[in-house]
Trainee: 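Let me give you the structure first, and then I'll get to my questions.
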Amino acid sequence: MSSEYPSLFENCQPRDDVLDGSLQEEQFAAKLSTVVHNPEKAAPVYRDPDSFYDMTYPTEGLRTLLSNLTGRFLATTKYDPGSYTSSILCLDTRFGGGKTHDLIASYHLAENPAGIDDLSHYLLDGDKELAADYQNAVAEGLDIATGVFIGTKADSKDARHADDDPDAPNTRTMWGELAYQLYGLDGYEYLKDYDQDRDAPGEGTLSKLFAQYDQPALILIDEIADYMNKAAGTPVGDKTLADQTLSFVMALLEAAAESEHVTVVYSIADTAFGEQADRVRDGVRDHIEEVNEIGRRQHKTVTPTDENEIGQVLQHRLFSEVPENAAREAAESYFQFYDQEDRQYPQEATDAGYVDVLAREYPFHPSLIDALTDKIDTIPQFQRTRDALRLLARAVYYLWNHQPDSYDRHWIRIYDLTVADDDPGGGIQTILRERLFDFVDLGPAVTADIYDDDGTAHAQLEDRKWTENGLPPLGTHLTTTVLWHSLAYGEQAAGLTHADLNLAIGHPDLNFDDYDAALSALRGDDMDVACIRL
């Protein structure tokens, strides 16, 4: 092997729970309500602030959010909060997800700041002093009141979030529940009549409530659309509980905008709301749109994960070590390989900026990340960051435990999402059949063309011609790549071009002519091993 192509296995070290296959489903399904109200049932990686932050990649959005919150929490202390004055923060999740992760990070920042090692690493550049001031203020007694309302947890009759709290009142509304969580029974008593009558308090009433308590307050509101959908069916006078909830949200945001103490972080999951449009009253849709407009008055919008950060988020969670020098060396050598090879590649792969893309996504090949985010993400059931993490965790586990000896590996490729990983406890084939094939059913094609337990799938038969001569399973590489590019919906359901295929499989030690021969056979030139396109 040429030294200019860093070895994947020698340079990159997966985290222990990835390498031993113990990374379980619960590790991907973060639930804010569990972390806040039933922490003993939450996975340790989410429950423990130090573990949570250690596994968290500090995206620009997360750092922006946490710097703003830290500044707001310090606003009532002797310490300088800097220029962070935004009292209303909206999480925009249209691009890369990360909403729940950012909400949990916000909660730990308020409730468990002493458990966060090196807080400055998760704040914006230049905020090291801000992080130290906040830690000092906490040590001196600064306490943050927190209230967390999750629309999927509550319903129109019962808003209680902590089922095992013997002191919790029978709250009936968002405002009643938040008042109790923030300020205990005294806070609830202040709004008890409003809660029991389901009559939204106004801005003035909320401002008076907040003014009674000389401490910063953090209010986290998630899944508003889900809650308002349920509330729309509950009449309150000549209106509905959804109308009253909308009035409360308006009053809350206005009160927060005028308060030095109170900060609201909210998310409205518009995409999830849209998927249920046929079951949601038009009036509720109008409410959500109005809430969005209200929030734009005096707020800051934060994108938790940008498009260009997804690969780094995945890398940080799955690997404990990825040397920057290896990433840069692999990027530069592969860009030179693409430039010199007499093959057609997509336009972006031949642009000078692709070197930075390769280095940023390493050890994942950018074609793999692009397929997950541009193609497979079009399937409604697929959750971009969470499901990509599940798939790649299994790919890393399987690849490191089945390291090929016929050629060296420099990248994790899309064909490493192999259906040969058929572990019923959560292997890649299980994820496909349980999550993705409900929408694009390619199960029969997989069995016939890619992998079958008895080894008679077309790709397996084609592989033997190559592996017997010391080469990789070229048939499986090709068909697995085509499979994942076939899992798409709408405009993206167009398969992949030959240029795309070249980028996905190209390797300096493997001959493209051999891949062409395998592809020709699989397409039907040799009818003994013919297979259909997926």
Trainee: Do the side chain of Ser259 and the main chain of Ala255 share a donor and acceptor less than 3.5 angstrom apart?
Mentor: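 No.
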
Trainee: Under 3.5 Å, is there a donor on one side chain and an acceptor on the other for Tyr354 and Glu348?
Mentor: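 There is no such pair (donor and acceptor under 3.5 Å, judged by atom type) between the side chains of Tyr354 and Glu348.
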
Trainee: Test your reading of the model: is there a side-chain donor-acceptor pair from His161 to the backbone of Ala159, 3.5 Å cut-off?
Mentor: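 Flag set: sc His161 to bb Ala159 pair under 3.5 Å.
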
Trainee: When the aromatic ring centroids of Trp400 and Phe9 are compared, is their separation below 6.0 Å?
Mentor: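 Ring centroids of Trp400 and Phe9 are less than 6.0 Å from each other.
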
Trainee: With a 3.5 Å distance limit and no angle check, can you tell me whether His410 reaches the backbone of His507 through a side-chain donor-acceptor pair?
Mentor: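 Checking the backbone N and O of His507 against the side chain of His410, no donor-acceptor pair under 3.5 Å is found.
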
Trainee: Show the atom names and distances, to 0.1 Å, of all donor-acceptor pairs under 3.5 Å that link a side chain in residues 146-154 to residues at least two apart or in another chain.
Mentor:
{"from": "Thr146", "atom 1": "OG1", "to": "Glu111", "atom 2": "OE2", "distance (Å)": "2.9"}
{"from": "Lys153", "atom 1": "NZ", "to": "Asp163", "atom 2": "OD2", "distance (Å)": "3.4"}

Trainee: Verify, without hydrogens or angle tests, whether Trp175 (side chain) and Tyr194 (backbone) share a donor-acceptor contact under 3.5 angstrom.
Mentor: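 Such a contact is found between Trp175 side chain and Tyr194 backbone.
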
Trainee: Please assess Tyr180 against Leu191 for the test side chain to side chain contact (heavy atoms under 4.5 Å, CB included), listing each intermediate value before the final yes or no.
Mentor: CA-CA 9 Å; Tyr180 173 67; Leu191 295 183; over 6 Å; no

Trainee: With distance as the sole test, does Thr59 use its side chain to make a donor-acceptor pair with the main-chain N or O of Pro304 at under 3.5 Å?
Mentor: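 Yes: the side chain of Thr59 pairs with the backbone of Pro304.
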
Trainee: Got a sec, which pairs hit ring-ring contact (aromatic ring centres under 6.0 Å, His included) with one end in residues 106-148, sequence neighbours left out?
Mentor: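 For residues 106-148, and leaving out neighbouring residues, the ring-ring contact (aromatic ring centres under 6.0 Å, His included) pairs sorted by first residue read Phe52-His108, Tyr53-Tyr122, Phe73-Tyr134.
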
Trainee: Determine whether the side chains of Ser320 and Arg15 contain a donor N or O and an acceptor N or O closer than 3.5 Å.
Mentor: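 No, no side-chain donor-acceptor contact under 3.5 Å.
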
Trainee: Heavy atoms, side chains only, cut-off 4.5 Å: are Leu220 and Tyr266 in contact?
Mentor: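 Leu220 vs Tyr266: side chains apart.
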
Trainee: Verify the distance criterion only: is there a donor paired with an acceptor across the side chains of Asp195 and Tyr188 at less than 3.5 Å?
Mentor: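 There is such a pair between these side chains.
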
Trainee: Among all residues two or more places apart in sequence or in another chain, which pass the salt bridge (Lys or Arg N to Asp or Glu O under 4.0 Å) test with Asp351?
Mentor: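 Not a single residue meets the salt bridge (Lys or Arg N to Asp or Glu O under 4.0 Å) criterion with Asp351.
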
Trainee: Could you label the plane-to-plane angle of the Phe337 and Tyr334 rings as parallel, tilted or perpendicular, counting under 30° as parallel and over 60° as perpendicular?
Mentor: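 Ring orientation, 0 to 90° scale: perpendicular.
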
